Undergrad: 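Sharing a structure below in structure tokens format, with a few things to ask.
Residue numbers start from 1 in every chain, and the chains themselves are labelled A, B, ... in the order their sequence lines are given, proteins ahead of strands. Everything numeric here is computed off the predicted structure, so don't read it as measured data.
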There are 2 protein chains.
Amino acid sequence: MANYPELSLSVEAVVFSYANKTIKVLLQLHDEKPFRDQWGLPFQLVKENESLEKTTDKIRQKLNKYSIASGIQSSIYSHPKRHPKTRLVSISMIFFAKPHTMEIAAPSYRWFDLNELPSLIMDHSLQIKDALKFLQTFTQNHTWVYDLLPDRFTLTQLQECFETIYGKPYDKRNFRKKIMSYGFIKPSREKQKGVAHKAATLYFADKKKLEKFQAL
Amino acid sequence: MANYPELSLSVEAVVFSYANKTIKVLLQLHDEKPFRDQWGLPFQLVKENESLEKTTDKIRQKLNKYSIASGIQSSIYSHPKRHPKTRLVSISMIFFAKPHTMEIAAPSYRWFDLNELPSLIMDHSLQIKDALKFLQTFTQNHTWVYDLLPDRFTLTQLQECFETIYGKPYDKRNFRKKIMSYGFIKPSREKQKGVAHKAATLYFADKKKLEKFQAL
DNA sequence: ACAAAAGTGTTATTTGTACACCCATGC
DNA sequence: GCATGGGTGTACAAATAACACTTTTGT
């Protein structure tokens, strides 16, 4: 990135996860020139003979510690002065990471609470806000929610996750009825451990059925 | 466009209209080098100090004969070899034109039936297909349909327009009940003229209420 | 025994769907 | 007077919303 070409394209990753009733966002402490020591979204320049899909793959590989699920294109950021040195147009992609991966230490990456973000480079704060709004409004099909939860989860955890994302409470009985009616959430034979009350059944999402459901 | 820069960005316009129970698409007979005398979507390169919004404005001005309504971003096309001479990444935008504007003659532009498209440059055929699918699936809020209809329309015309777009029939009584329940379609005092049967009431969309509805 | 969350069913309301006839007009 | 589309209501089914108590377990 020594000399800047006329116009660069990048894919920028808004990676969400979820824990303790809060949404988490993965940020990177950038170490290259114009943004050294500043927090921002991980991003990846689109190389000369690369399609966006290829670049998106690369970014997924770069973040493979977090085994992120496949991305969703949300929006494009193109203001001519958004990058201080070059003309950078960015495609914002949304990814999801399971909570256990958040434990994994990685130099220069850190998870932040959505509500406690530091000051970010370029328009990344806006991008994160837009990404959440995009998920809330454009996906009536909420199958990506299961990418934010552990492989085994209780129905209460699932409900809390929905409540956090959509910012509103759901009725316990109605919520369970509806979720179970979709048919892609199944009970495992395991139960919650180490809780000071009745142990909840752990459920899991049937991936094949989820995919079929998405196809609609 | 004599010499090609490393990477170019463009906004490409899928302009839809509607008449005689068919969806129409505006195409341009291109006259510049690599695409001379070939049909394709109208497009506009993103200039050096231009945001996409600016470029989109320009394209709207270029097509101002058709007084197209504000655009919706649909998808991005980025295959490295999609343009024969340069690396061109394109943002596909969807626009709408009212049917009376289709009468307006404009050299090198022509309206085609969606089902009778000629062979198109680059991936423009795919882009049109994707655009329609985008509208069908991602906008539960169908307020753009009114941009395809004349200012005054009968409820039967409205219903036919929905039927064409979504490719399925609706029940007359239920359709009317639902549409009227939204509250943004109002009857005018005018009636259809010159028909060999009872003249239908002409309705119009209340723009202010439409906007409020969109905000949800 | 008590605190804390799990789990479960019924009723009322709203929304969606199916369906058929009379009306006004131009020819 | 007849062909053509305009306009209207009702009954049933399905989905959604509101709501409270018993169970299990750890401390």
Undergrad: Testing Phe184(B), Tyr182(B), Tyr18(B) for ring pair (Phe, Tyr, Trp, His ring centres under 6.0 Å) with Tyr146(B), which one passes?
TA: Phe184(B)
Undergrad: Whole-Å distance between dA17(D) P and Phe175(A) CZ?
TA: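 Interatomic distance, CZ of Phe175(A) to P of dA17(D): 13 Å.
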Undergrad: Closest heavy-atom contact between Thr164(A) and Thr22(A)?
TA: CG2-CA, 4.1 Å
Undergrad: Could you tell me if the ring centre of Phe16(A) sits under 6.0 Å from that of Phe95(A)?
TA: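 No: the rings miss the under 6.0 Å criterion.
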Undergrad: Applying ring pair (Phe, Tyr, Trp, His ring centres under 6.0 Å), name anything that partners Phe134(A), two or more places apart in sequence or on another chain.
TA: Phe138(A)
Undergrad: Tell me the interatomic distance from Lys193(A), atom NZ, to dG26(D), atom C1', rounded to whole angstroms.
TA: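 Whole-Å distance recorded here is 15 Å.
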Undergrad: Phe96(B): which residues meet the ring pair (Phe, Tyr, Trp, His ring centres under 6.0 Å) condition with it, sequence neighbours left out?
TA: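 For Phe96(B), the residues satisfying ring pair (Phe, Tyr, Trp, His ring centres under 6.0 Å) (neighbours in sequence not counted) are Trp144(B).
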Undergrad: In whole Å, what is the span from the CD1 atom of Ile179(B) to the P atom of dG16(C)?
TA: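 So the two atoms are 12 Å apart, to the nearest Å.
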Undergrad: How does protein contact run along nucleotides 2-11 of chain C, one letter per nucleotide 5' to 3', with B for base contact, S for sugar-phosphate only, - for none, heavy atoms under 4.0 Å?
TA: --BSBBBBB-
